[in-house]
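Every chain is numbered from 1, with letters handed out A, B, ... down the list of sequences.
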Amino acid sequence: MPKPKTAISPTRAENYPEWYQQVVKAADLAENSDVRGCMVIKPWGYAIWENIQRHLDAMFKATGHENAYFPLFIPMSFLEKEAEHVEGFAKECAVVTHHRLEPDGQGGLQPAPSAKLEEPLIVRPTSETIIGATFARWVQSYRDLPILINQWANVVRWELRTRMFLRTAEFLWQEGHTVHASEQEAREETRQMLDVYADFAEGVMAMPVIKGEKTAGERFPGAVATYSIEALMQDRKALQAGTSHFLGQNFAKAQDIKFQNVDGELQFAWTTSWGVSTRLVGGLIMTHSDDDGLVLPPRLAPAQVVILPVYRNEEERNSVMPYCETLKMELTAEQFASEPVRARIDDRDLRGGDKRWQWIKRGVPLVLEIGPRDIAEDKVFLKRRDVDGKGDPVLRKELVSTVANRLAEIQQSLFERAAALRSEASVKIDSLEKFEEFFAESAPGGLAYCHFVDSPAMDAKLKELKCTVRCVPLDAPSESGKCIFTGEASNRRGVFARAY
RNA sequence: CGGGGCGUGGCGCAGUCUGGUAGCGCGCAUCGUUCGGGACGAUGAAGUCGCAGGUUCAAAUCCUGUCGCCCCGACCA
């Protein structure tokens with residue numbers, strides 16, 4: 001049987017969405033569950049999420065936030081308090097109506113009519129309302145502010161069409177919720193957390209992002225302003241990777257979050273909320289992976305170095321294994337990005353080629369093979385995941401002293417590769433004609449920077465082209481121009497793209 | 001909610017039109033030969049054919065009902 005050229009089939013070029021599914025499967029990240037739209041996150045995928053959590057959590061704490069936990073259930077009436085919020089989420093809420101089951105008389109179960117809840121509970125799609133109601137009790141004086149809270153949780157949004165990690169009915173995330181005495185402070189918080197997300201995405205995930213503000217149509221329901229980080233995937237579609245919302249006094253008024261200021265006057269507080277989810281894992285996959293499977297940036301890799309012992313018999317094993325064990329200890333004594341290098345030995349009773357390909361598909365940055373021949377020369381055989389080729393022999397001593405540098409190099413090169421794709425796919429467009437060409441069905445697409453003014457005409461055109469306005473970049477220079485859709489005057493460009 | 005498709009060992013499928021002993025590939029287990037880029041051979045374990053009725057001497061196959069899943073659309077802070 002001829003060896004397939006690539007570990008993943010189809011390739012990205014052949015069928016990108018199918019390639020994505022196959023990578024998730026081949027890398028052992030997750031699988032579909034018995035519940036529609038919900039996935040089982042497997043150990044390798046969950047370990048990546050844990051690394052994401054660990055880094056973000058440290059960044060949240062470094063900016064003064066504390067973790068807390070609020071209920072999974074929210075009384076239905078809470079959702080009704082903020083009109084726009086209802087509009088946004090009501091259509092996709094799971095509702096709990098009973099608290100007991102009973103036999104249905106046909107061998108099955110049914111909700112007991114006598115156990116019907118007086119007021120239905122919804123499973124949180126996001127927690128602004130319940131957290132806001134709680135905050136209302138916590139806040140009385142300006143001395144109680146600011147409140148800076150984060151929670152790690154699961155939420156449910158009954159999406160009709162789901163894709164693993166990118167959009168699932170239940171997903172894991174963190175949601176930050178803060179309360180401030182002044183508008184300015186709340187606005188600064190919103191922007192600070194957007195910066196945290198961007199720093200994390202670029203520094204830890206090696207995923208370049210654009211920081212920007214959402215247009216009115218794309219705003220979080222109930223928010224005054226929504227900011228996001230937007231990343232470009234390898235198929236040139238954009239992915240919203242994180243959002244930070246300035247909620248103004250909307251939720252404070254809806255939920256009665258009031259305090260007395262220095263002058264004894266009663267005022268509504270200013271709130272923010274911000275979140276990222278397991279969708280980041282989807283972004284990670286689509287930013288770096290190739291036709292042999294997942295490619296992990298070292299800072300998030302559950303294992304940064306995997307050692308594969310090669311031996312044919314017990315005698316060889318007895319010399320190879322201790323060599324590997326010592327090497328592993330030497331490697332884990334090294335530091336990369338202020339953490340011990342994560343190395344592991346794969347001594348499973350599997351064929352060598354099989355094992356090697358498993359780790360390639362799982363995206364491990366460095367894979368080492370060590371057999372009697374290497375030991376004789378005090379070498380290891382090193383394969384770097386992000387570059388083509390079989391690998392090279394390296395002196396053991398040299399490997400140990402350079403492992404941190406090599407990981408840093410991979411981290412850097414992944415970022416640069418992604419940034420290069422993005423700049424190649426980014427263009428300024430100043431006419432509707434060019435815009436239509438750029439987003440034509442047959443065109444590769446990408447990021448189009450255009451002058452625009454929100455209008456029904458624009459919405460219609462975007463819908464026709466299956467394209468969306470992603471954001472107005474915060475670092476966009478002010479320049480005068482004309483909206484490509486209506487010709488109205490505009491002083492800033494927005495980013496347009498097809499999106500997930 | 002509209003259109004289409006599919007439910008058969010762990011996974012992927014054939015068999016259904018034309019009713020007659022449930023099959024194939026992968027995976028799994030054992031043994032042997034192999035082994036530095038995805039091995040090969042032999043043997044073996046594993047399925048009440050989504051569920052419930054009906055027709056029939058006989059149903060994976062035909063009929064009725066029902067449940068579930070997938071794809072396309074609509075929807076998607």
Between K461(A) and E436(A), is there a side-chain heavy-atom distance shorter than 4.5 Å?
yes
Remember a base hit wins even if backbone is also touched, and classify G389(A) as base, sugar-phosphate or nothing at under 4.0 Å, heavy atoms.
base
Of the candidates G38(B), C75(B), G36(B), the side chain of K91(A) sits closest to C75(B)
Measure NZ/K25(A) against P/C26(B) and give the value in whole Å, please.
16 Å
Intra- and inter-strand pairs of RNA chain B in dot-bracket (Watson-Crick or G-U wobble, both distances under 3.5 Å; | for another strand):
((((((((.[[[[.)....(..]]]].((((((.....)))))).....[[[[[..)....]]]]])))))))....
Nearest-angstrom distance, P atom, U21(B) to C13(B)
25 Å
Nearest to the K361(A) side chain among G38(B), G36(B), C76(B), which nucleotide is it?
G38(B)
For R351(A) and C35(B), is the shortest distance between a side-chain N/O and OP1 or OP2 below 4.0 Å?
no
Quiz item: cation-pi between R396(A) and Y323(A), 6.0 Å / 45°:
yes
Under 6.0 Å from the ring centre and within 45 degrees of the ring axis: does the NZ or CZ of K81(A) meet both conditions for the six-membered ring of F78(A)?
yes
Start with the C-alpha distance between W173(A) and W49(A), add both sets of side-chain angles, then the distance that settles ring pair (Phe, Tyr, Trp, His ring centres under 6.0 Å), and finish with yes or no.
CA-CA 10 Å; W173(A) 78 342; W49(A) 176 242; over 10 Å; no
Pairwise C1' distance, U56(B) and G44(B) [rounded to whole Å]:
38 Å
Can the positive tip of R279(A) be found less than 6.0 Å from the middle of the six-membered ring of F165(A), inside 45° of the ring normal?
no
Would you kindly give the CZ-to-C1' distance between F89(A) and C75(B), to the nearest whole Å?
14 Å
Could you check V156(A), V155(A), L166(A) and say which one makes a side-chain contact (heavy atoms from CB on, under 4.5 Å) with F171(A)?
V155(A)
Interatomic distance, L148(A) atom CG to T63(A) atom OG1 [nearest 0.5 angstrom]:
8.0 Å
Report the residue (I375(A) or F220(A)) whose heavy-atom-nearest nucleotide on RNA chain B is the more 5′ of the two.
I375(A)
Do M205(A) and F200(A) have side chains that get closer than 4.5 Å, going by heavy atoms?
yes
Using a 4.0 Å heavy-atom cut-off, does Q240(A) contact any base of the nucleic acid, only the sugar-phosphate backbone, or nothing at all?
base
Looking only at atom C1', what distance separates A58(B) and G7(B), rounded to whole Å?
24 Å
Atom-pair distance (CZ on R219(A); P on C76(B)), nearest Å:
17 Å
Atom CG of D354(A) to atom C1' of A39(B): distance rounded to whole Å?
10 Å
Would you kindly give the CG-to-P distance between L239(A) and C76(B), to the nearest whole Å?
17 Å
Return whichever of T226(A) or G371(A) has its heavy-atom-nearest nucleotide of RNA chain B closer to the 5' end.
G371(A)
For the C1' atoms, the ones on A14(B) and on A60(B), what distance do you get once it is rounded to whole angstrom?
12 Å
Can you check the distance between C71(B) and C62(B), where both ends of the measurement are the C1' atom (answer in whole Å)?
28 Å
Give the nucleotide from the list G36(B), G38(B), C75(B) with an atom nearest to the side chain of K463(A).
C75(B)
Using the side-chain heavy atoms of R373(A), tell me which of these nucleotides is nearest: G36(B), G73(B), C76(B).
G36(B)
C1' gap between U48(B) and C28(B), integer Å:
23 Å
Considering only the C1' atoms, how many Å lie between G19(B) and G25(B), rounded to the nearest integer?
27 Å
Check the distance between C70(B)'s C1' and R163(A)'s CZ and give it to me in whole angstrom.
14 Å
Establish whether the base of C35(B) is bridged to the side chain of R312(A) by a donor-acceptor pair shorter than 3.5 Å.
no
Side chain of P372(A) - closest among G73(B), G36(B), C76(B)
G36(B)
Base, sugar-phosphate alone, or nothing: which one does F251(A) contact when heavy atoms must sit under 4.0 Å apart?
nothing
Spacing between Y311(A) atom OH and C35(B) atom C1', to the nearest angstrom
12 Å
Among residues at least two apart in sequence or on other chains, which ones pass ring-ring contact (aromatic ring centres under 6.0 Å, His included) with F485(A)?
F435(A), F496(A)
Which part of the nucleic acid, if any, lies within reach of D374(A) when heavy atoms closer than 4.0 Å are counted: base, sugar-phosphate only, or nothing?
base
Separation of G36(B) P from W359(A) CH2 (nearest whole Å)
20 Å
Using the P atoms only, state how far U55(B) lies from U61(B), rounded to an integer number of Å.
15 Å
